[in-house]
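A short worksheet on the structure shown next.
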Amino acid sequence: MIELKPSGFEPYPALLAHQASISQAGVAFGATCSFVGTLRDFNEGVTVSDMYLEHYPGMTEKFLARIADEARQHWNLVDLLLIHRVGAISPGEAIVLIAVWSVHRGDAFDACRYLIEQLKSRAPFWKRETLPGGSHRWVSANTDGYRGGSGQSGMDSAEGILA
Amino acid sequence: MIELKPSGFEPYPALLAHQASISQAGVAFGATCSFVGTLRDFNEGVTVSDMYLEHYPGMTEKFLARIADEARQHWNLVDLLLIHRVGAISPGEAIVLIAVWSVHRGDAFDACRYLIEQLKSRAPFWKRETLPGGSHRWVSANTDGYRGGSGQSGMDSAEGILA
Amino acid sequence: MLIQVLYFGSLREELGRAGESLAVPEGSRIIDAWHALNPDQPWPDNILCALNQDYVKSVALLHDGDELAFFPPVTGG
Amino acid sequence: MLIQVLYFGSLREELGRAGESLAVPEGSRIIDAWHALNPDQPWPDNILCALNQDYVKSVALLHDGDELAFFPPVTGG
């Protein structure tokens, strides 16, 4: 199931509610991998205010449905759940939940990672950050999701607010 | 935090309780990756009865603490939680929860995957499956966590019960 | 041919427009539509294009009734 | 030297013993302790050994007071 949420949601209760619907016919899954992206309230010592998540109505849903189909075709999955916020979001709130259920752990892990990487690099969402003075700036780009070390690439300061 | 649980536990409430303790000083994490292993109630059409999880008191705790330390040294983590059942376990119950919090998603994903792979291949736990007639058999080996396809290796039938 | 054009994110804000209609001759490509709509703006670095809600390259041909979108690198998740 | 020996999982069940003490001469290795305790059992395929709760190879030297464990491949998680 794929859902765009215009207001706050609790990722783990949402995961459990979806899992209950999977489990009704018996416990068919042995592995669940989930990812939650959360808006931090601090970035390098600066308090982060609200964020606004713009999206492209129609294309965003289409793109998320496509990557979900790709994941289902590529791995042996029991089910998946993808919830993404749109609109105004406050520090501490969940931005995205991806949960993948499978029989064996490799499929759940790999599909979950695939979905978040595709979403981060290609799904039409744009984050606009509210600065302390009330002005705003657009987050310029997502990165590979690492900071420093291990030969991973760095990232610009605006992106550093989010995972 | 690392915990061996002699009775059932609810993985996502446990995750949330731990997350609340992390968040008390502000939302320092942007990414959470979690894995839950669940005992299935069906394996290739055969109803699975209870499982017993034996462990090596002392060494199990020591081993889990070591892989947690390794994960903290290798990746930039905010915190991690690892809960594993011991003793009698019923279908539908969680066997293991691994949750990893980090600033950036790559660290949480990679550390979570590292922990479950190390745990599956090296942590001193042994599963004894109760068969429908009341007799039992030992699960012979864990695998790489995939079934068929994608050039992944297969697994024996006893292992197929669990992710 | 008439197409519908949409702008998102910082690009929408920089241009001061969320979208507009455009009449283009047969054989027009995406980059031609950009220049017709924004004659004083060079083709932006890193701009992304979607035609009828699928990613395409700037050389893609336009057809009557197309929905064309321009936007900066995405930052969801 | 006196060591403590433990067995786990299917191996414990096959041997019918969870553990025992063993006196070994100086210079004994893990594999020597196995043969002393199980004279009619060949060294099992895939057996794992831990000495004082750390994985070691079968050629590891024993010391007085050691805790030695034998067990089959692990199946947790």
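Quick note on labels: first sequence line is chain A, next is B, and so on, each numbered from 1.
The pair A:Asp69-A:Arg66 does not meet the salt-bridge criterion, since no charged nitrogen lies less than 4.0 angstrom from a carboxylate oxygen.
Highest contact tally toward chain A, considering only B:Cys33, B:Ser34, B:Ala99, is held by B:Ser34 [criterion: heavy-atom pairs under 4.5 Å]. In terms of heavy-atom pairs under 4.5 Å with chain A, the best-connected choice from B:Ser23, B:Ala94, B:Ala108, B:Cys112 is B:Cys112.
Remark: B:Tyr52 OH to B:Ile89 CD1 distance equals 12.0 Å, nearest 0.5 Å.
Of the atoms belonging to A:Ile98, not a single heavy atom falls under 4.5 Å from chain B.
When ring centroids are compared, A:Phe125 and A:His84 come within the 6.0 Å threshold.
Each of A:Ile116, A:Ile83, A:Val36 was checked for a side-chain contact (heavy atoms from CB on, under 4.5 Å) with A:Val96, and the lone residue meeting it is A:Ile116.
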